[in-house]
Amino acid sequence: MSYLRTKGIVIKETNTGEADRIVTIFSNSKGKISAAAKGSKRPKSRLAAGTQLLCYSDFILFKGSDIYSINTCDIIEPFYELRNDIVRLTHAAHITDIINDVIQENQPSPRVLQLYLNTLYILSKTQKSPELVTRIFELRLLSMLGYAPYVNGCIQCGSENLDGISFSFQKCGFVCGRCKPSDESAMEISTGTAKALYYIVHANIGDLFKFGTSPEVLRELGIINRRYLRERLEHDYTKLDFLRSINL
Ligand SMILES: [Zn+2]
């Protein structure tokens, strides 16, 4: 039997019995890991707190014949604040859905883990608009996965003039006013949205969340990201529709 010590955050849980669960951990050292948390549903279990969804902990895991089994977990950051706020929790659930789809077993993704933890931190500990935080996460994640849109100028003719700029879903980047008529997939965007897209793709990770936007820019970012996510990851993420349906 071998053991593994790793930091990680629980991104999914499945009940497997009266007292047991299997949790999916986004780990620092091995990417996605499935691990049995035996007895963790019992209130007095020493695993009960640290194996909850969205809990970031230091784990010691044992590898049996098939999957890992959690021996101990020491909580580093439980993100408790998310659990008391339906809007922030729904945004966290949405970004966690995306994370579940893009990370793989035995593929450490430390930069993606850092982005995910930073995003949860801003969502839970600050008053920043959850909508904007989620838009930043989505686009930066896609960029890290190799789907960064071209935002340095017009992808067709190279013009850096932002007047009349559009976002082309077909070409994955900006097209200028002169090139737009030849691209049916292009959506006209404001200069503010163009600047926000540029910032999200290029900012240092430490500065990523340090900007604000107008409601109009936020609305355009929402339309762009939803379609861009759907086309790149081939999945329509719908958890946030619930918030829209109750006007939150
Ligand atoms: Zn052009």
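When a residue number appears, it is its place in the shown sequence, counting from 1. Just so it is clear, the structure is predicted and the values come from calculations on it, not from any experiment. First listed ligand is number 1; within each ligand, the first listed atom is number 1.
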Next item on the list: For the pair Lys7 and Glu77, find out whether any cationic side-chain nitrogen is under 4.0 Å from an anionic carboxylate oxygen.
Entry: no

Item checked: Presence of salt bridge, Asp183 and Lys180, under 4.0 angstrom -> no

Checklist line | In the protein, N/O/S atoms that are found under 2.8 Å from the Zn ion (ligand 1), waters not counted | finding: Cys154 SG, Cys157 SG, Cys176 SG, Cys179 SG

Note to self: I need the full list of salt bridge (charged side-chain N to carboxylate O under 4.0 Å, His left out) pairs touching residues 22-50, with sequence neighbours left out, sorted by first then second residue.
What the structure shows: none

Check: Is it true that Tyr121 and Phe79 have ring centroids separated by less than 6.0 Å?
Finding: no

Next item on the list: Verify side-chain contact (heavy atoms from CB on, under 4.5 Å) between Ile33 and Leu4, making sure each step is shown before the conclusion.
Entry: CA-CA 11 Å; Ile33 292 176; Leu4 171 71; 3.7 Å; yes

Check: Sub-3.5 Å donor-acceptor pair from the side chain of Lys128 to the main-chain atoms of Leu123, do we have one?
Finding: no

